[in-house]
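This report concerns only the one structure given below.
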Amino acid sequence: MTILLHDTLTGADQPLEPLEPGHVRVYSCGPTVYGPAHIGNFRSFLFADLLVRHLRRSGLRVTWVMNITDIDDKIIKGAKAAGTSIEELSERWLEVFLADADRLRMARPDVLPRATAHIDEIVALITTLLEGDHAYRTDDGSIFFRIASWPMYGRLARLDPGEMRVGERVIADEYAKDDVRDFALWKGPKDGEPAWDTAIGSGRPGWHIECSAMSMKHLGPSFDIHTGGIDLIFPHHEDEIAQSEAATGQPFVRTWLHCAHLQSSGSKMAKSVGNIARVGDLLDAGVSPRALRYALIAVHYRAPNQYSDEALLAAGAAVERLDAVVNALDAYREARADDPSLDTALAAAEHGFSSCLDADLNVSAALAVVFDLVRDLNRRIDGRTMSTADAERALALLRSFDEVLGVLPADQDELDDDQRRLLDERAAARASRDWAASDRLRDELASRGITVEDTRDGQRWRRQLEAAHG
RNA sequence: GGCGACGUGGUGAAGUGGUUCAACACGGAGGUCUGCAAAACCUCUAUUCACCGGUUCGAAUCCGGUCGUCGCCUCCA
C-alpha cells in the first residue's frame, strides 16, 4: 500500500515516492551537543526513528542521516563556563546523547555527521552562494544570505517576508546586515571564539548552513524526507531551503515532516520554560526506558503529546500488558491441531497495523490494532484453543510489530544462576504443595526484580518494569 | 498584529458525512479463574464529541460565528 506523509510545505498528505525507487533518504535535525537533551528533544528524534523503522519494515531501504551540531554559541559559552575545550564539551555530550538514544532504543542513524567535520562542504556551499549573489560579506568578516534574492522565502512557514517581525527583538545593526531578516551563513572571527581559516576567510559556520551542507553531502542535492520539531520550521528549515536551492537550483527536499511539541504542565517542554525532564534523570529515578519510549511515541506525531507522571504510569501499564501476553505466548504449550481462525486474525492485525502506519504514521490507531489482537490472543490462551505452533506464530507477529514500536523486552532474556535456582526451588516447593515456601520464594524473586506467576503451563516469570532491567 | 494547529469520557487519545462513529490505553466498580496472589477473561464506566447557528434525509465529522487553549513570527526538537 502507498505510504502517505503529511508535507509541511504543501500542507497535504503526499504519497511517498522515493527519488530512487525502493530507497528512501531521510535527514533529521539532531541535537546540539552542549548539554543533555531533554525528552522533548527525544520526542522528535523518536518520531524520526518510528518513521525509519516503519519504512524499513515496509521493505524499503532507508539511509538515515542525523546531524550533530558540535559548534555554536551555546557550546562556546558552555565550554567557557566549564573551563574545558569545545571539543571536550561536545564530545562528552555527544556520548551522553548516544547513550540516551540507545536506552530509548532509537535506531542508530546510518550517518551522524558533525558540523566541524564538514567545514570544507560548508565553505564550498557559501562560495557558490557568494558567486550567485545570494550572499554578501560584512565588515567583520561575516557572510549573510540575502533574502531579497530568494522570492520564495517564507513559503514553508507561510510567512509573508514583508509582514515578518524579525528584528524587533534583536539588535538589528549588530552585524550591519543589509536587511534585518538576512541570516548568517558564516560568522566572522571574534576574540575567544574558535575560527577556521578558509577560502572565504576566517570564522565559523552559522547553524542553518551546516544542515544544508551535511544533508546534501550525504544524501544528494535532492532527497526524500527531512524531519524536525515544529519549532524548526522557521527560521531553520526555511533558511535551509533558501540557501540550498539558491545554491543548487534543484528542489531540496521532497517531503517535510514536523512533529508537534511535547507538552508539560500546559506548555511546550523547553529549557527556557523550566519544565524539562531528562532521560538520564528519569531512568535514574527508576522509570523504565521502555515505558518512556512508549510515552514518547504513542501519540500521533503532529499532535501535541501531553507528558506527565500520570502519562508515564499509563505507558508503563500498557507496556506491561504487552509483556504479559508475550510471556504467556512464550510459555504456552498445547498439543492440539492448529486453529485455522488464528491465521485470519493475525492477517487482519498485520494489515491493520501496516495500514495505520501507512496513513501518515498513525501510531495511536496502530496501537489500537495491536491491543485488539492482544485481547484476542489472551482469550485464545485462556481457552487453550491454540496449538503450540499457533502461539509461536502469534508471538512472531507481535515481535514483528515491535520492529517498529521497539518496546518489548529482548528476545533472549535469561535469568541469572541465583534467580534460576530460586525459581527451581519454588517449583519443587509447589510440587510438594509447600505454600509457605512457595510464597517466600516468590517474594524473594520479586525483591530481585522478577515477577512470578503460576499458570497451567507452570511458573511464568518476567522482569519488573524498572530501569535496571528495562 | 500576522500565520498555523487544536478543543472528544475521570485521564491520555483514535475517528473527519451514515453500515458498532464514539476505537485503543490508563484509571475506577463488580464478577470468573486461582492454595493465596498475579496475569488474563467477562460486565459496567461519554444517548455524546467547547458553544451558537447553518448545509444535509443524515454531522463529532462540512460551512459561518463565538469562546478557549497551544505553537511559530527570536535560540529552540
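All chains are named by letter (A, B, ...) in the order of the sequence lines, taking the proteins before the strands, and each is independently numbered beginning at 1.
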Using whole Å, what does the distance between atom [atom2] of nucleotide [N] and atom [atom1] of [X] come to?
| X | N | atom1 | atom2 | value |
| --- | --- | --- | --- | --- |
| A:N67 | B:rA77 | CG | C1' | 11 Å |
| A:K268 | B:rU69 | NZ | P | 19 Å |
| A:N362 | B:rA14 | CG | C1' | 7 Å |
| A:E238 | B:rG2 | CD | P | 20 Å |
| A:Y153 | B:rC73 | OH | P | 11 Å |
| A:L367 | B:rG15 | CG | P | 13 Å |
| A:H236 | B:rG71 | NE2 | C1' | 18 Å |
| A:D372 | B:rA23 | CG | P | 11 Å |

How would you label the contact of [X] with the nucleic acid (heavy atoms, under 4.0 Å): base, sugar-phosphate, or nothing?
| X | answer |
| --- | --- |
| A:H300 | sugar-phosphate |
| A:N305 | nothing |
| A:G11 | nothing |
| A:G228 | sugar-phosphate |
| A:A368 | base |
| A:L262 | base |

Would you give a per-nucleotide map of nucleotides 32-41 of chain B, 5' to 3', where B means the base has a protein non-hydrogen atom under 4.0 Å away, S means only the sugar-phosphate does, and - means neither?
---BBBBSBS
Counting primed atoms, P, OP1 and OP2 as sugar-phosphate and everything else as base, the B/S/- map of nucleotides 5-11 of chain B against protein heavy atoms under 4.0 Å is ------S
side-chain contact (heavy atoms from CB on, under 4.5 Å) involving A:R393 - partner list, sequence neighbours excluded
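Partners of A:R393 by the side-chain contact (heavy atoms from CB on, under 4.5 Å) criterion, ordered by chain and then number, come out as A:D338, A:L342, A:D343, A:L346, A:A389, A:D390.
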List the residues meeting side-chain contact (heavy atoms from CB on, under 4.5 Å) with A:V326, not counting sequence neighbours, and say none if there are none.
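Counting only residues at least two positions away or on another chain, A:V326 forms a side-chain contact (heavy atoms from CB on, under 4.5 Å) with A:L395, A:L398, A:R399, A:L408.
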Going through the checks in order, is the ring-ring contact (aromatic ring centres under 6.0 Å, His included) test met by A:F97 and A:F42?
CA-CA 10 Å; A:F97 166 71; A:F42 270 104; 5.6 Å; yes
For nucleotides [N] and [M], find the distance between their [atom1] atoms and express it as a whole number of Å.
| N | M | atom1 | result |
| --- | --- | --- | --- |
| B:rU55 | B:rC67 | C1' | 23 Å |
| B:rG65 | B:rC26 | P | 41 Å |
| B:rA25 | B:rU43 | P | 13 Å |
| B:rA38 | B:rG31 | P | 14 Å |
| B:rU11 | B:rU20 | C1' | 24 Å |
| B:rG9 | B:rA60 | C1' | 14 Å |
| B:rU19 | B:rG4 | P | 33 Å |
| B:rA50 | B:rU56 | C1' | 23 Å |

With both distances kept under 3.5 Å, what pairs with [N], Watson-Crick or G-U wobble?
| N | result |
| --- | --- |
| B:rU32 | B:rA40 |
| B:rC62 | B:rG54 |
| B:rC6 | B:rG68 |
| B:rU48 | none |

Show which side-chain atoms of residues 266-279 of chain A pair as donor or acceptor with protein atoms under 3.5 Å away, not counting sequence neighbours.
{"unit_1": "A:N275", "atom_1": "OD1", "unit_2": "A:A270", "atom_2": "N", "d": "3.0"}
{"unit_1": "A:N275", "atom_1": "ND2", "unit_2": "A:S264", "atom_2": "O", "d": "3.1"}
{"unit_1": "A:N275", "atom_1": "ND2", "unit_2": "A:K268", "atom_2": "O", "d": "3.2"}

By nearest heavy atom, map A:I233 and A:A318 onto RNA chain B; which one lands nearer the 5' end?
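Upstream on the strand: A:A318.
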Result for 5'-nearest mapping on RNA chain B, choosing between A:A365 and A:I39, is A:A365
Protein N or O to nucleotides 27-31 of chain B N or O, pairs below 3.5 Å:
none

Have [X] and [Y] got a donor and an acceptor in their side chains that come within less than 3.5 Å?
| X | Y | answer |
| --- | --- | --- |
| A:H237 | A:H258 | yes |
| A:Q243 | A:S212 | yes |
| A:S400 | A:R57 | yes |

Does A:R384 make a cation-pi contact with A:Y332, if we ask for NZ or CZ under 6.0 Å from the ring centre and within 45° of the axis?
yes
For a quick test of reading the model: is some side-chain N or O of A:K77 closer than 4.0 Å to OP1 or OP2 of B:rC75?
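Checking A:K77 against B:rC75: no side-chain N or O falls below 4.0 Å of OP1 or OP2.
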Looking at [atom1] of [X] and [atom2] of [Y], how far apart are the two atoms once the value is rounded to the nearest 0.5 Å?
| X | Y | atom1 | atom2 | result |
| --- | --- | --- | --- | --- |
| A:W93 | A:I75 | CH2 | CD1 | 12.0 Å |
| A:S244 | A:H226 | OG | NE2 | 9.0 Å |
| A:L156 | A:I241 | CG | CD1 | 4.5 Å |
| A:L185 | A:I122 | CG | CD1 | 10.5 Å |
| A:F47 | A:L262 | CZ | CG | 14.0 Å |
| A:D402 | A:R53 | CG | CZ | 7.5 Å |

Quick one: which of B:rA23, B:rA77, B:rG12 gets closest to the side chain of A:Q306?
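The nucleotide sitting nearest to the side chain is B:rG12.
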Nearest to the A:R158 side chain among B:rC3, B:rA23, B:rA14, which nucleotide is it?
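Closest nucleotide among those given: B:rC3.
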